[in-house]
Amino acid sequence: MKELNFSTGVVEMSVNGGRVIRFNPADIGFLETLYGLVAKLDDIDSETSKKKDKTDDLAKGFDYSKAADKRKREAVDAVFGEGFCADVFQELRLDALADGLKVVENFIFSVVDEMDESIQDNLAKREGRIAKYTAKYAKYKK
């Protein structure tokens, strides 16, 4: 039996040596998933902030932050696989700051940067490939 093989654009990337993720960085559907994740994380932040604003009890504030981190980890794990956060972020809270951003933002923006680069590269290749096939099959055009 013949087998048809073609590129799906799926790549594997190691994330801080903790986990390997597989995705097509030029897949707009995956970008939509990432933006959905960002919206979910923002919603959790907003809800937590409202709860914290209603109390002066520092211990309750820490409890709210801990619960929010658990919910954020569940949201990230839902996109990148069970245990992803434990493997990549380990004991760090996802809101821990590094280089001016939350560590979870550093991760998500790194993925978005990879996607932007991949989309630009693929668009550049696309014109040449279409021209090649157009020229190849132009002889059949009446």
Side-chain angles (χ1 to χ4, degrees), residues 1-55 58-142:
M1 169 177 25
K2 283 187 174 185
E3 188 172 324
L4 184 62
N5 294 302
F6 60 94
S7 176
T8 62
V10 173
V11 297
E12 290 185 352
M13 292 183 185
S14 174
V15 181
N16 284 0
R19 179 69 79 94
V20 172
I21 57 175
R22 296 182 76 239
F23 68 104
N24 177 333
D27 179 3
I28 198 75
F30 187 67
L31 185 59
E32 182 180 3
T33 299
L34 283 180
Y35 276 100
L37 175 59
V38 169
K40 174 106 174 150
L41 298 177
D42 285 345
D43 288 346
I44 294 168
D45 280 339
S46 179
E47 291 171 20
T48 304
S49 181
K50 287 177 187 173
K51 288 180 182 177
K52 285 181 175 181
D53 289 345
K54 291 181 181 179
T55 185
L58 191 57
K60 275 189 179 181
F62 287 136
D63 289 343
Y64 294 146
S65 291
K66 186 176 182 179
D69 187 69
K70 183 177 188 255
R71 290 177 58 207
K72 288 180 179 185
R73 286 172 171 270
E74 289 168 356
V76 172
D77 284 355
V79 173
F80 292 99
E82 187 176 332
F84 176 84
C85 288
D87 292 344
V88 172
F89 301 108
Q90 299 167 2
E91 75 284 347
L92 287 175
R93 294 265 175 108
L94 298 187
D95 288 344
L97 297 174
D99 292 328
L101 293 172
K102 297 175 182 181
V103 292
V104 72
E105 292 170 336
N106 278 326
F107 165 64
I108 291 170
F109 294 152
S110 293
V111 173
V112 171
D113 286 345
E114 284 292 328
M115 294 183 79
D116 183 52
E117 187 176 310
S118 179
I119 289 167
Q120 296 304 318
D121 289 347
N122 276 286
L123 287 174
K125 291 177 186 175
R126 186 175 191 277
E127 292 301 319
R129 294 216 41 210
I130 288 174
K132 173 185 157 188
Y133 288 112
T134 301
K136 180 178 179 180
Y137 297 107
K139 63 185 175 188
Y140 299 114
K141 187 177 179 183
K142 291 184 182 185

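Just so you know, these numbers come straight off a predicted model, no measurement behind them. Side-chain atoms are counted along with the backbone in the values below, which use heavy atoms only and exclude waters and symmetry mates.
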Quiz item: Can you list the steps and then say if Glu114 with Val11 is a side-chain contact (heavy atoms from CB on, under 4.5 Å)?
Solution: CA-CA 11 Å; Glu114 284 292 328; Val11 297; over 6 Å; no
Quiz item: Is any side-chain heavy atom of Lys136 closer than 4.5 Å to a side-chain heavy atom of Thr134?
Solution: no
Self-check item: Glu82 atom CD: more than 12 heavy-atom contacts under 6.0 Å
Solution: no
Quiz item: Does the side chain of Lys125 come within less than 4.5 Å of Leu123's, by heavy atoms?
Solution: no
Practice problem: Side-chain contact test, heavy atoms from C-beta onward, threshold under 4.5 Å: evaluate it for Phe80 versus Val15 and give yes or no. | Solution: no
Exercise. Write down the atom of Arg73, the atom of Ala86, and the distance for their closest heavy-atom approach.
Key: NH1-N, 3.8 Å
Which pairs of donor and acceptor atoms, one on a side chain in residues 23-39, lie under 3.5 Å apart (sequence neighbours left out)?
{"unit_1": "Asn24", "atom_1": "OD1", "unit_2": "Ala26", "atom_2": "N", "d": "2.6"}
{"unit_1": "Asn24", "atom_1": "OD1", "unit_2": "Asp27", "atom_2": "N", "d": "3.4"}
{"unit_1": "Asn24", "atom_1": "ND2", "unit_2": "Thr8", "atom_2": "O", "d": "2.6"}
{"unit_1": "Asp27", "atom_1": "OD1", "unit_2": "Gly29", "atom_2": "N", "d": "2.8"}
{"unit_1": "Thr33", "atom_1": "OG1", "unit_2": "Gly29", "atom_2": "O", "d": "3.1"}

Quiz item: Pairs in or reaching into residues 14-23: which pass side-chain hydrogen bond (donor to acceptor under 3.5 Å, both in side chains), with residues at least two apart or in two chains?
Solution: Glu12-Arg22, Arg19-Asp87
Practice problem: Looking only at non-hydrogen atoms, find the nearest pair between Thr48 and Ala68 and report the distance. | Solution: OG1-CB, 3.2 Å
Expected list for residues 97-107: side-chain donor-acceptor pairs under 3.5 angstrom, two or more places apart:
{"unit_1": "Lys102", "atom_1": "NZ", "unit_2": "Asp45", "atom_2": "OD2", "d": "2.8"}
{"unit_1": "Glu105", "atom_1": "OE1", "unit_2": "Lys102", "atom_2": "N", "d": "2.9"}
{"unit_1": "Asn106", "atom_1": "ND2", "unit_2": "Ala98", "atom_2": "O", "d": "2.9"}

Exercise. Locate the shortest heavy-atom distance separating Ala75 from Leu41; write the atom from each residue and the value.
Key: CB-CD2, 4.4 Å
Quiz item: Which residues pass the side-chain contact (heavy atoms from CB on, under 4.5 Å) test with Lys70, sequence neighbours left out?
Solution: Glu74
Quiz item: Which residues pass the side chain to side chain donor-acceptor pair (under 3.5 Å) test with Ser110, sequence neighbours left out?
Solution: none
Quiz item: Who passes side-chain contact (heavy atoms from CB on, under 4.5 Å) against Thr55, sequence neighbours left out?
Solution: Asp57, Lys60, Tyr64
Solution key, residues 115-122 side-chain donor-acceptor pairs under 3.5 Å, sequence neighbours excluded:
{"unit_1": "Ser118", "atom_1": "OG", "unit_2": "Asn122", "atom_2": "ND2", "d": "3.3"}
{"unit_1": "Asn122", "atom_1": "ND2", "unit_2": "Ser118", "atom_2": "O", "d": "2.9"}

Exercise. Please name all residues satisfying side chain to side chain donor-acceptor pair (under 3.5 Å) with Arg93, sequence neighbours left out, ordered by chain then number.
Key: none
Quiz item: Got a sec, which residues hit side chain to side chain donor-acceptor pair (under 3.5 Å) with Lys52, two or more places apart in sequence or on another chain?
Solution: Ser65
Exercise. Nearest 0.5 Å please: distance from the CD atom of Glu91 over to the SG atom of Cys85.
Key: 13.0 Å
Quiz item: Can you check side-chain contact (heavy atoms from CB on, under 4.5 Å) on Arg71 and Asp69, steps first, answer last?
Solution: CA-CA 5 Å; Arg71 290 177 58 207; Asp69 187 69; over 6 Å; no
